[in-house]
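Single-structure report; data block below.
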Amino acid sequence: MKTFESLFEELGAKAQEHAEGSKTVQELEAGTHFIGKKIVEEAGETWIAAEYEGVERTAEEMSQLIYHLQVMMIDRGITLEDIYKNL
């Protein structure tokens, strides 16, 4: 099972390696605006799932939101420590 930290490490490695065919690399190449739109999309889907689709679907949407948030972190050079000190 992945953790927040292990996902961030995995995504960072993909970004650094420019892994061919990687969704993460494609998203980073598309840029901040694209990533931001994905975050907004997944946040909305999380809300809808929480209202109408149950716990399992909500958890799935939340995991996708976390993924896109972490891609934005990598795009902007934000570390886990930067996030943790603001929690």
Side-chain angles (χ1 to χ4, degrees):
M1 181 181 338
K2 291 182 186 179
T3 64
F4 192 83
E5 290 81 4
S6 69
L7 176 63
F8 189 72
E9 185 178 315
E10 177 185 328
L11 299 180
K14 286 180 182 181
Q16 196 167 35
E17 297 165 3
H18 293 327
E20 190 171 327
S22 166
K23 178 181 174 182
T24 301
V25 171
Q26 291 172 358
E27 199 161 311
L28 289 166
E29 288 174 351
T32 305
H33 186 83
F34 178 84
I35 301 165
K37 286 171 49 175
K38 294 301 290 181
I39 290 170
V40 170
E41 174 188 337
E42 295 301 339
E45 290 175 359
T46 296
W47 171 34
I48 297 300
E51 288 275 352
Y52 304 108
E53 299 175 4
V55 172
E56 191 171 317
R57 183 78 176 118
T58 302
E60 180 183 343
E61 291 299 341
M62 286 178 169
S63 70
Q64 293 173 19
L65 177 58
I66 289 169
Y67 165 81
H68 293 291
L69 287 169
Q70 287 198 356
V71 173
M72 182 68 84
M73 289 171 64
I74 292 165
D75 178 64
R76 299 286 85 203
I78 295 170
T79 67
L80 291 174
E81 291 75 26
D82 294 328
I83 297 300
Y84 294 156
K85 73 181 177 186
N86 286 290
L87 287 179

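Keep in mind that the numbers below use all heavy atoms, side chains included, and drop hydrogens, waters and symmetry copies. We're numbering straight along the sequence, starting at 1. Keep in mind the model is a prediction, meaning the values are calculated, not measured.
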Please name all residues satisfying side chain to side chain donor-acceptor pair (under 3.5 Å) with E29, sequence neighbours left out, ordered by chain then number.
-> none
Under a 4.0 Å N-O cut-off, is there an ion pair linking R57 with E61?
-> yes
Sequence neighbours excluded, which residues qualify as salt bridge (Lys or Arg N to Asp or Glu O under 4.0 Å) partners of E42?
-> none
K2 meets the salt bridge (Lys or Arg N to Asp or Glu O under 4.0 Å) criterion, sequence neighbours left out, with E10
Is E56 atom CD crowded by more than 12 heavy atoms from other residues, nucleotides or ligands, each under 6.0 Å away?
->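 Count not over threshold, so no.
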Look at atom CD of Q16 and say whether more than 12 heavy atoms of other residues, nucleotides or ligands are closer to it than 6.0 Å.
->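 Atom CD in Q16 is not packed in, count stays at 12 or less.
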With rounding to the nearest 0.5 Å, note down the distance linking CD in E45 to CD in E60.
-> 9.5 Å
Hydrophobic cluster mates of [X], side-chain heavy atoms under 4.5 angstrom, ILVMFWY only, any path?
{"X": "L7", "value": "F4, F8, L11, L28, I35, I39, L65, I66, Y67, L69, V71, M72, M73, I74, I78, L80, I83, Y84, L87"}
{"X": "V25", "value": "none"}
{"X": "I48", "value": "Y52"}

So do K85 and E81 actually touch side chain to side chain, heavy atoms under 4.5 Å?
-> no
Hey, are the side chains of E27 and H68 touching, using non-hydrogen atoms and a 4.5 Å cut-off?
-> yes
Heavy-atom closest contact (H18 atom, A15 atom, distance) = ND1-O, 3.0 Å
Side chain to side chain contact (heavy atoms under 4.5 Å, CB included) assessment of H33 paired with K37 = CA-CA 6 Å; H33 186 83; K37 286 171 49 175; 3.5 Å; yes
